[in-house]
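Working notes, structure below.
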Amino acid sequence: VRDAAGQIVGSRYNKGTPDESDCAEICMTEDFWHEKLEGYVKTLADFGVDGVYLDSVGCGSSPCYATNHQHTPGRGGPWWTAGVRRLMTRLKQTPGPDGKRLIFTTEAFSESCLDGFDAFLPHIHHPRPDEGCVYDALYHDYTVFHGAHVGTWEPYKPDGTLPRVAARCFALGRPLGWFYHGLYNHYYLRPEAAPDMVFLRELSRARMSLTRFLGTGTMWHPPQVVMPEGTGEGVLASMWQADDEILLIAVNGCTGPQGFRLRVASPARGKILEAAWPESGERLTSAADGLTPSLHLEARSMCAWITRL
């Protein structure tokens, strides 16, 4: 990519790169880059890799003023998107292990890349606990969003961030988090990390058990979480459908217990819901207006119920 003065646009990839001169942003129209990426993908496939993550491709486009590229210099036009689509059409022709199609995923999310990738890492799209997420609600049936940003390059502090982010990922149907490697050395191995690790393990096991809902099901309008003092931010809830079954989940990623009630959407109103996680849990009954009895979740815990339409 070149700027209006014709200079190469540098890019500081992360804190491990000393300055912007070490990296450069690549124009997505260029065949030489397509060929290079195709070579990398073929090498990975030869080693038995069945999926490839292409960093930054889904993050959007940059104005490029190069006069020798396959586009009009400057801003505007569909050329960047067209270049990405041409690249992915080429890469997806690479056979994976046993002749199966390779899986491709990328950073962030771009609707124009939806048919080019199988999954997206939407770490820059962070809804607060009291907000819905339009990406998950609209596109869950069409792609997979995997994880959210947890931690930094600096030592992680046990401030409750990790369980809250993991709880949000779980409620949105995403796999659980995108964790910086520094967390392992600076936090995960410490005794004070044990409650967070137990919680992550519980969420992971629950997600595996409920994948037909959270992974490939349909997201319904999320239940309203009613706290004693009003609608609170401590507990997250969501509702999913798989075939003729409805799943209702509630998750508490906070470091303290939470009392609450749920007001569910019409498919789960006036229903008896059987415990799905933990299976030894109690059944739940919702009133005709969708309101449930008072519920309680301990710190870093979750529960789920299932009913039929």
Side-chain angles (χ1 to χ4, degrees), residues 49-53 96-98 100-106 109 114-115 117-123 125 127 129 132-150 162-179 196-223 235-253 262 264-265 267-268 271 273-281 283-284 297 300-309:
V49 170
D50 58 7
V52 178
Y53 170 76
D98 301 322
K100 297 180 180 179
R101 186 178 72 81
L102 289 171
I103 294 172
F104 289 95
T105 180
T106 187
F109 173 66
L114 196 59
D115 61 346
F117 292 92
D118 302 284
F120 296 88
L121 173 63
H123 68 93
H125 304 129
C133 186
V134 67
Y135 301 100
D136 299 87
L138 291 181
Y139 298 109
H140 185 273
D141 291 350
Y142 302 97
T143 190
V144 174
F145 293 118
H146 58 97
H149 185 185
V150 181
L162 188 150
R164 289 199 301 272
V165 172
R168 185 174 64 209
C169 286
F170 184 86
L172 291 173
R174 299 180 183 179
L176 306 174
W178 179 45
F179 306 106
D196 289 352
M197 298 302 99
V198 171
F199 183 50
L200 282 175
R201 183 176 62 185
E202 180 186 13
L203 293 183
S204 298
R205 290 175 173 174
R207 180 174 169 77
M208 290 295 294
S209 175
L210 303 170
T211 295
R212 63 192 180 96
F213 294 99
L214 301 176
T216 57
T218 299
M219 178 189 287
W220 277 84
H221 191 285
V235 174
L236 301 176
S238 59
M239 194 164 73
W240 303 81
Q241 180 178 346
D243 298 324
D244 64 343
E245 290 186 312
I246 294 291
L247 174 74
L248 174 65
I249 64 173
V251 55
N252 177 21
L262 297 176
V264 299
K271 298 277 190 176
L273 297 92
E274 301 293 338
W277 191 275
E279 293 183 356
S280 59
R283 65 171 50 178
L284 177 67
L297 278 177
R300 304 181 183 90
S301 67
M302 57 81 55
C303 53
W305 303 267
I306 288 179
T307 189
R308 292 188 177 275
L309 292 174

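Taking every heavy atom of both residues into account, Leu203 and Ala167 meet most closely at CD1-N, 4.1 Å. Taking both residues in full, the closest heavy atoms of Ser238 and Ala171 are given as OG-O, 2.8 Å, listed atom of the first, atom of the second, then distance. In plain terms, the two heavy atoms of Arg168 and Leu236 that are nearest each other are CA-CD1, 3.5 Å. Considering all non-hydrogen atoms of both residues, Thr106 and Tyr53 come closest at C-CE1, 3.5 Å. For the pair Ala275 and Gly281, the tightest heavy-atom approach, listed with the atom from each and the gap, is CB-O, 3.2 Å. Between Ile306 and Phe213, the shortest heavy-atom distance links the atoms CD1-CE1, 3.8 Å.
Applying the side-chain contact (heavy atoms from CB on, under 4.5 Å) rule to Ala304 yields the partners Leu210, Leu247, Ile249, Ala276, Trp277, Met302; only residues at least two apart in sequence or on another chain are considered. Checked against salt bridge (charged side-chain N to carboxylate O under 4.0 Å, His left out), Asp244 has the following partners two or more places apart in sequence or in another chain: Arg308. Residues that satisfy the side-chain contact (heavy atoms from CB on, under 4.5 Å) test with Asp50, not counting sequence neighbours, are Pro97. In this view, Phe104 satisfies the ring-ring contact (aromatic ring centres under 6.0 Å, His included) rule with no residue, not counting sequence neighbours. In this view, Thr105 and His146 satisfy the side-chain hydrogen bond (donor to acceptor under 3.5 Å, both in side chains) rule, not counting sequence neighbours. Evaluation of the side-chain hydrogen bond (donor to acceptor under 3.5 Å, both in side chains) rule for Arg101 yields Asp118 as partners, not counting sequence neighbours. Taking Trp240 as the reference, His140 meet the ring-ring contact (aromatic ring centres under 6.0 Å, His included) condition, with sequence neighbours excluded. Thr307 pairs by the side-chain contact (heavy atoms from CB on, under 4.5 Å) definition with Ile246, Lys271, Leu273, not counting sequence neighbours.
With contacts defined as side-chain heavy-atom distances shorter than 4.5 Å, the pair Phe120/Thr143 qualifies.
For residues 204-222, the side chain to side chain donor-acceptor pair (under 3.5 Å) pairs, not counting sequence neighbours, are Arg212-Glu245, Trp220-Gln241.
Atom CG in Leu214 sits 13.0 Å away from atom CZ in Arg174 (nearest 0.5 Å).
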Working for side chain to side chain contact (heavy atoms under 4.5 Å, CB included), residues Tyr142 and Asp115: CA-CA 9 Å; Tyr142 302 97; Asp115 61 346; over 6 Å; no
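Under the 6.0 Å cut-off for aromatic ring centres, Phe109 and Tyr139 qualify, their centroids lying closer than that.
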